[in-house]
Structures are given as C-alpha cells and as structure tokens.
Chemist: 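Here's a structure for you.
Naming: A, B, ... by sequence-line order, numbering from 1 per chain. Computed from heavy atoms alone, side chains included, the values below leave out hydrogens, waters and symmetry copies.
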Protein chains: 2
Amino acid sequence: MQTAPKKASPRKRDTYHVGNLAPQLLDAARRLLDEEGPGKLSLRAVSERVGVSPTAAYHHFASRGELLAHLAAQGFRELSQVLADDREDGGPLLQVCLAYFRFARGNPAIYQLMFGAEFVSGETLPALAEARDEAFGRLERIIADELALPRDASEVRAAALASWSYIHGLASLMIHGVIQVPDAVGDERLVELTLGGLQRVFRGT
Amino acid sequence: MQTAPKKASPRKRDTYHVGNLAPQLLDAARRLLDEEGPGKLSLRAVSERVGVSPTAAYHHFASRGELLAHLAAQGFRELSQVLADDREDGGPLLQVCLAYFRFARGNPAIYQLMFGAEFVSGETLPALAEARDEAFGRLERIIADELALPRDASEVRAAALASWSYIHGLASLMIHGVIQVPDAVGDERLVELTLGGLQRVFRGT
DNA sequence: GAAGAATCTTGACAGTGATAAGTTATGCTC
DNA sequence: GAGCATAACTTATCACTGTCAAGATTCTTC
C-alpha cells in the first residue's frame, strides 16, 4: 500500500491502485485547494496527485461537482468544530465571530467553495446541506444564549441569520479582496471594529 | 456607421466589420449572463450572439477576465445608481438595505460576478476598483448621515463596512441558495426581520 | 488611388469535464 | 483451490473552453 510515489510518473502506469480511493481523492483535493487555490482544482490534477488515471474519480463521485460538494461538507464540519471550540471567555458573540473569521481567513479556498456558486445552484448533496445546517444550528444556539430574555424561536432565528450574514459578509469581502485589511490592523481588530460599528449604528437609530 | 444589424444571423458571415464591437460584446454578455447565468458565459457564446468570430473579443479585451471585469464594473455603477435613487422616506438604513438587496435579488448573476472570485484575485481593472469604491463611498455617506452625532471618519468607515458586510452577507447567502426565503416571507420582510434581529442582538449586549 | 493601421477571421493548441468500452483485481460460491 | 460475477480502474475519445499566430478584410490618411 505504500508505493505512493510523490509524483506519479507520467510515462507508464505500473500499479492498478485498487484501494479506498475516495478519501485519498478528497485529501489530495483538499491539499491542492489549499496550496494552489481553486481554479487549479481539476479532476486531472487531483487524480495525478493520487497517482491514478484522470477518470478514476468517476467511479466514486458522480461528477466533479459532487467531489467539491463533499469537500465543502467537510469544510462545514470543520467550521462547526471551530465554533464549538472557541466558546470560552469574553462576549460570546465577539468570540464566535472571531473564530468564524479566523477559520475563513485560514482556509480561504475551502470557505470560498463552501459558499461559492459552483454547485450550490440546483440540488445540493444531502450531506452538504446537513453539515451546513448543523453549523448554522450551532450558531443559532450561541445567539440564543446571547439574547438576554427567552425569545420566540423565529426571533432567535432571525437574529442568528442576521449575525451570520454580517460575519459571512465580512469574511467574503475579505477573501475576495474587496477590503484589504492593512497588516497593522489584524483580524481581531477588524472584527472588533465592525462589531463596534454595528453597535453604533443600532444605538443611533 | 449605422449598418448595425440588430441580430446577426448565425448562418453565414456576410459582413466583416461590425463597428463598435466592445459595447456590443458587453451588452451580449450581460444579457447572456441574465438569461443563462454564469458558467454559460463563454467568449464563444458571447461572440456568437453578436455574430462575430470566437476570437474577435481579443482585439478589445486582453482576456475573458477583463471583459468580465468591465461587466462587474458596470454592475457596481448600477448599484451606485440604485443606492442613490432609493433614498426617500422611512429609516434610511432600512431603505438602503432594501434597495441593495433588491438589486442583488434582481441581478443575481451580475452580483455574483461583482463579488465572485473569478478575477478579483490578483490585480483588478482600475475601472472596476473605481466603480466599487464609488458604490462603497455612497454607502459610507448614507451611514454617516444615519449616525446621530458627527463622528470620526474611521468610526463612520467601520460602521459602513459593518453594514456592508451584513447586507452583502445576506444577499450572498440568498443568491447561493444557502437560505431559501419562503415566498410567503418576501424580500422586504427578510431584510426587516434580520435588521430587527441585529437590533435585538445589540440591545441585549 | 496606395500605404499602413485597425479590425476581424481562420486554424490551431493545450487544457477541461465527461462518456464508452476494454482491462484487471476482488470477493463470492462451490 | 477453480470459476465467475462484479467492482475498480484504465485507455481512448468527444465536445467544449480560453488563447495565440497568421492571414484576410476594411478604414484612414495622404
């Protein structure tokens, strides 16, 4: 099982490579995504990295989109984990937004994929919707705790959706280079600043 | 120079010179984008729609990306217009968020392009950055008016960036199908609900 | 009119996702 | 173990994409 040539020689295929290919493909895709960014993520590149023929993936995924969807689902699971972990001291909202933002900043390619339009249009993979819903549910619970009084479920939902919109918007603008945060500012400061901005907006009203 | 056949027949190339090709290409691309969505927006499809050879665009745009960038810039100019127009009665913030959201809802493909990662990475077209900055500047001025007291410029900027993050995040989540707003709710209601949610969050803190 | 530049076309190349048909390994049944 | 059905993987190929190079056409300027 350990032939694993770093880079499959393009000359001749020596082994057939039966094995659990799907997770290997996902791993390779994830690494390729982090290293080269999306756009470089072709099935051929992924397959070559694993050392397998360009069309081998089709025996495990219906299409390129489905592979990407699995990747995105994995991203949502990681995000859920992050949101669950970083809930310690300080204002819960600030903490959670910071953790969210750091995840996006640290994994821009995956984040882009998670919320990109590559496959989201049309019907999505059930596992993806599930992972996404779970991440949002976690956020929702945190927001529910944040709100002082016990509230209507729909109110909690609206507040969570609004918070999600804000932090996702900030992350999206940052990732796509729309806002270039000067290095002197830093991520934490950016989140603090904008949260303070929101606070000021809603005090003034 | 008004030969200008409305729609070139795709069968045979009868004339050589079309005239001012660049705007025609942009127009065709815009319509194709609205009708078929991104992903269907290939240079070949655009060229064929204008009735011109597949590579004609390269005499007016350096690459496909540059054409898309011009399209995005146009989108930002439209958005600026929308933000300037819909500033009448009611709370300015709600009005402006509504206008913004309606624009995104009404032009999902262009909006996706404006904030997508297709070309934003790397150096962007100056005209695009300019149009984007102008749209944000407009938002910034609106937010400045919204805030009661005269404020520090950086505070205004932070508040505007936060507001932008929120409404962009909401639009992005909607466009990518992450949140499916039930038809019974409607756009206005969604914006109202989430704005109310934010208010509640920042009151409770 | 002719020269030269701008504009547009044809032809080609490398790369992409995807399908179809053939090849090899795995596992099941006796 | 032998035989065979099936899953896993490969090769060959297709249609499509962005892009470049070189040729054909039109416009401009003298």
Chemist: Should A:Leu33 and A:Asn107 count as side-chain neighbours, where that means a heavy-atom distance under 4.5 Å?
Modeler: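 In short, these two side chains do not touch, never coming nearer than 4.5 Å.
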Chemist: Considering only NZ, NE, NH1 and NH2 on the basic side and carboxylate oxygens on the acidic side, decide whether A:Asp145 and A:Arg141 come within less than 4.0 Å.
Modeler: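 Result for this pair is no, no salt bridge flagged.
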Chemist: Which one, D:dT10, C:dC8, D:dG18, comes nearest to the side chain of B:Arg64?
Modeler: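 Closest nucleotide among those given: D:dG18.
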Chemist: Could you check how far CG of B:Leu68 sits from P of D:dG18, rounded to whole Å?
Modeler: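 Going from CG in B:Leu68 over to P in D:dG18 covers 9 Å.
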Chemist: Return the value, rounded to whole Å, for the distance between atom CZ of B:Phe61 and atom C1' of C:dT7.
Modeler: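 That distance rounds to 14 Å.
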Chemist: Quick one: B:Leu32 CG to D:dT17 P, roughly how many Å, whole number?
Modeler: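 Rounding to the nearest Å, CG of B:Leu32 and P of D:dT17 are 11 Å apart.
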Chemist: What is the distance from CG of A:Leu43 to C1' of C:dT19, rounded to the nearest Å?
Modeler: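 Atom-to-atom, A:Leu43 to C:dT19, this comes out as 13 Å.
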Chemist: Could you give all pairs that pass the ring-ring contact (aromatic ring centres under 6.0 Å, His included) test and reach residues 24-64 of chain B, with sequence neighbours left out?
Modeler: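 Matches after skipping sequence neighbours: B:Phe61-B:His70.
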Chemist: Does D:dT19 have its OP1 or OP2 closer than 4.0 Å to a side-chain nitrogen or oxygen of B:Thr55?
Modeler: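 For D:dT19, neither OP1 nor OP2 has a side-chain N or O of B:Thr55 closer than 4.0 Å.
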Chemist: Separation of B:Lys40 atom NZ from D:dC16 atom C1', in whole Å?
Modeler: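 It works out to 10 Å between those atoms.
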Chemist: Under 4.0 Å between a Lys/Arg side-chain N and an Asp/Glu carboxylate O for A:Arg138 and A:Glu134?
Modeler: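 Looking at A:Glu134 together with A:Arg138, the answer is yes, because their closest N to O distance falls below 4.0 Å.
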Chemist: Mapping B:Ala45 and A:Ala56 to their closest nucleotides on DNA chain D, which lands nearer the 5' end?
Modeler: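 Residue closer to the 5' terminus by nearest nucleotide: A:Ala56.
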Chemist: Does the base of C:dG15 carry an N or O that pairs as donor and acceptor with the side chain of A:Arg44 under 3.5 Å?
Modeler: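 No such pair is found, so the answer is no.
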Chemist: If I take atom NE2 in residue A:His60 and atom C1' in nucleotide D:dT6, what distance separates them, rounded to the nearest angstrom?
Modeler: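 Spelled out: NE2 on A:His60 to C1' on D:dT6 is 14 Å.
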Chemist: Using whole Å, report how far OH of A:Tyr58 lies from C1' of D:dT13.
Modeler: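 Distance check: A:Tyr58 OH to D:dT13 C1' gives 14 Å.
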Chemist: A:Glu48 CD to D:dT10 C1': how many Å, rounded?
Modeler: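 It works out to 15 Å between those atoms.
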Chemist: For A:Ser63 and for B:His59, find the nucleotide of DNA chain C with the closest heavy atom, then tell me which residue's nucleotide is more 5'.
Modeler: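 Nearer the 5' end of the strand: B:His59.
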